[in-house]
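Data block below; observations after.
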Amino acid sequence: MPEEPRRPVRNLSDADIRAFVPVHVIWELTLACDLKCMHCGSRAGHRRRTELTTEECLEVVEALARLGTREVSLIGGEAYLRRDWTEIIRALRAHEIYCAVQTGGRNLSVERLQSAVDAGLNGVGVSLDGMQALHDRVRGVQGSFQKAVDTLRRARAAGLAISVNTQVGAQTQGDLPELMETIIEVGATQWQIQLTVAMGNAVDHDDLLLQPYELLDLMPLLARLYDEGVARGLLMVVGNNIGYFGPYEHIWRGFGDERVHWSGCAAGQTVMGIEADGTVKGCPSLATADFAGGNVRDLTLDEIWRGSAAIHFGRLRSVEDLWGFCRSCYYAEVCRGGCSWTSHSLLGVPGNNPYCHYRALEHQRRGLRERVAKVREAAKTPFAVGEFEVLTERIADGTVVASSTLQARPKKHDVRAPAPAIGQIPPRLDLCRACDAYIIAGETTCPHCGADIRAAAAESAEAARRRAAAMAEVERQLARIRSV
Amino acid sequence: MTEPPYHQGPRPLYAVTIHHCIAEGDLAKMRQLRSDAEKHLADHGDVAAALEVLKTEIAKAESKKR
């Protein structure tokens, strides 16, 4: 069994960021799939016509090792539907790259799982999108919930790290508390929460999408479950499109380390996505049409990573690329519009993201709310986007007061512009200790609650001192008892 | 709490989530200590007073979170 790392290998050092190391790579090994998910962005089902051969995959592994990759998530479709998937796992592990597979778990049989364990697989993430009735309906296969749970149990019994990813859509909230009980019961220790994004099949089934104003109900529920989970050994991981800078940011983004906050999309900087035919993107989720940086059959992986403008878009982005509400947001410079995939899929251009708790609260404060409405269907190709409109309406009477279709959009980057040679370390925000909202360093009065920042910090420091003293005394007494 | 020579890793949405991450911060540590202390409490009453102080601090920290 592989040795367990002491902390996530995905954590980034300043050196990783400055050197644009693709620390975490998400690799779609095949688009073949045994589920029929109503929200699948890649429209998985049949394998791509020109998927990489085993030899080509092994060359990719060598290239990733040279680039300094430390973790690879194998995805699909279903990665296990490739006969050579264990060969690829073995090659990754030979370079000590942490390797885990994200799966629906329908046919990850005892034999398949054991062969992956023997090859050195480190972990398994299973997708559970609700309790049985909702999950089976959304995943398009009766019995898929039970298969997924069985896979989790088997993977845990095999000694693998196990986790769950849950997509939250319009129908999910009611299932979340019971789902958490199930996840704790099977012994998973991390639970990633993410919003269903308007791509591929989810555009066809747009009733599955959460409305942005529904974040006002969802986020307090998630915060409660986060808290309960911590106490019971399950850590909720809020995904890249659970955003941003609302009242729970200081609790969950850093798992209690309040210095950690959202710091912008990492696509093409420390994250890479590879499609089964060798197409390389800055993030696996992004639309292929707009974000394909090249193909490993045409260029080396290093050439694509270092030289492709479509990969580099994130390295060049600034406030100039934001529009709509995000453009003038207090957090614009740090946030940069949240998850690029979410906003690009919705509106065709990143940089204006209505799926933001801070934004929803600001609108609510003004008596407004936002909802999305489909304007155009998506093509039937993998990772295809449609088009949606963000409508701002008065809560009181539903009158629409603004539409994203009428807002000025940023100009596209000059694709000839060279990417910066050195990555920028994201700025760190301070925390107002009176209201627990993040503030730009140097503020003397909190722009959110009006508190005196220094006075609130002093009071907080005194509370921290009391906590430390209380912990020290209990630790001292426990140590004395244990030594007897 | 670990000094940050590191930044939290990204959480792309088609990927496996971050394995081996753990809860940080005073509240998580205090709760763990409370759990440890309560296990000993039945046999060792002398930890009770310190535990009460700890519980008070947990309550204060929890109420501030909400």
Side-chain angles (χ1 to χ4, degrees), chain A residues 4-8 10-14 17 23-24 26 73 75 100-102 122-123 125 161 163 165 190-192 194 197 230-231 235 237-241 251 253-260 263 266 270-271 273 283-285 339 341 426 463-464 466-467 470-471 473-475 477-478 481, chain B:
Chain A
E4 289 298 309
R6 285 182 300 149
R7 63 173 196 160
R10 202 184 300 180
N11 285 354
L12 304 172
S13 66
D14 284 1
I17 294 170
V23 169
H24 183 207
I26 302 90
S73 290
I75 65 168
V101 60
Q102 183 66 27
N122 297 93
S163 60
N165 282 11
Q190 282 86 28
W191 180 25
Q192 179 160 305
Q194 53 204 50
V197 171
V230 167
L235 195 54
V237 181
V238 291
N240 281 351
N241 71 352
I251 297 170
R253 195 76 57 186
F255 310 121
D257 184 343
E258 296 167 341
R259 298 166 300 183
V260 177
S263 56
T270 52
V271 173
C283 171
S285 327
C339 171
W341 175 43
R466 284 199 317 270
R467 291 195 299 272
M471 282 191 283
E473 181 57 18
V474 174
E475 280 175 336
Q477 293 198 26
L478 285 176
I481 291 164
Chain B
M1 204 174 296
T2 322
E3 272 309 306
Y6 75 90
H7 305 261
Q8 283 241 333
R11 304 156 187 193
L13 303 172
Y14 274 101
V16 179
T17 196
I18 307 171
H19 286 163
H20 310 295
C21 53
I22 57 168
E24 302 271 1
D26 282 355
L27 188 54
K29 287 179 185 168
M30 285 194 293
R31 284 171 167 167
Q32 184 58 52
L33 261 179
R34 176 178 61 186
S35 173
D36 291 348
E38 284 176 341
K39 282 178 189 163
H40 287 270
L41 195 55
D43 300 325
H44 303 278
D46 52 352
V47 79
L51 179 57
E52 284 310 309
V53 174
L54 184 71
K55 284 179 174 176
T56 303
E57 292 303 325
I58 291 173
K60 286 177 186 170
E62 286 176 335
S63 67
K64 187 165 186 312
K65 278 179 62 185
R66 296 195 170 89

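Because the structure is a prediction, the values reported are computed rather than measured. The sequence lines fix the lettering, A, B, ..., with proteins before strands; numbering per chain opens at 1.
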side-chain contact (heavy atoms from CB on, under 4.5 Å) assessment of A:Met471 paired with B:Asp26
CA-CA 9 Å; A:Met471 282 191 283; B:Asp26 282 355; 3.8 Å; yes

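With chain A as partner, the option from B:Val53, B:Asp36, B:Leu54, B:Leu33 having the largest number of non-hydrogen pairs under 4.5 angstrom is B:Leu33. Of the residues considered (A:Ala266, A:Ser285, A:Ala464), A:Ser285 shows the highest number of contacts with chain B, using heavy-atom pairs under 4.5 Å. Contact count against chain B (heavy-atom pairs under 4.5 Å) is highest for A:Asn240 among A:Ile26, A:Thr270, A:Asn240, A:Val101.
No donor-acceptor pair under 3.5 Å is formed between the side chain of A:Asn165 and the backbone N or O of B:Tyr14. Using modelled atom types, no side-chain atom of B:Thr17 and backbone atom of A:Trp191 make a donor-acceptor pair closer than 3.5 Å.
Of all heavy-atom pairs spanning A:Glu473 and B:Ala50, the tightest one is CG-CB, 3.6 Å. Considering all non-hydrogen atoms of both residues, A:Val271 and B:Pro12 come closest at CG1-CG, 4.0 Å. For the residue pair B:Ala23 and A:Leu235, the shortest heavy atom distance occurs at N-CD2, 3.7 Å. Nearest heavy-atom pair across A:Leu12 and B:Gly9 is CG-CA, 4.2 Å. In plain terms, the two heavy atoms of A:Cys339 and B:Leu13 that are nearest each other are SG-CD1, 4.2 Å. For A:Ser163 against B:Val16, the heavy-atom pair with the smallest separation is OG-CG1, 3.9 Å.
In terms of the side chain to side chain donor-acceptor pair (under 3.5 Å) criterion, residue partners of A:Gln194 (sequence neighbours excluded) are, by chain and number, A:Gln192.
Using a 4.5 Å cut-off between heavy atoms, A:Val260 touches chain B through its side chain atoms alone. For A:Asn241, the parts lying near chain B are the backbone and the side chain together; criterion is any non-hydrogen pair under 4.5 Å. For chain B, the nearby part of A:Ala463 is the backbone; its heavy atoms alone come within less than 4.5 Å. Residue B:Ile58: no heavy atom, backbone or side chain, is found under 4.5 Å from chain A. Both the backbone and the side chain of A:Val238 come within contact range of chain B, judged by heavy atoms closer than 4.5 Å.
Between B:Pro10 and A:Val23 there is no side-chain heavy-atom pair separated by less than 4.5 Å. Residues B:His7 and A:Ser263 form no side-chain contact, since every pair of their non-hydrogen atoms from C-beta on lies 4.5 Å or further apart. Contact annotation: the side chain of A:Arg253 never approaches that of B:Gln8 to less than 4.5 Å [non-hydrogen atoms, C-beta and beyond]. Between A:Gln477 and B:Leu51, every side-chain heavy-atom pair lies at or beyond the 4.5 Å cut-off. Taking the side chain as every heavy atom from C-beta outward, B:Arg11 and A:Val237 approach each other to under 4.5 Å.
Atom CZ of A:Arg10 and atom NE2 of B:His20 lie 10.5 Å apart (nearest 0.5 Å). The CD atom of A:Gln190 lies 10.0 Å from the CD1 atom of B:Ile22; values are rounded to the nearest 0.5 Å.
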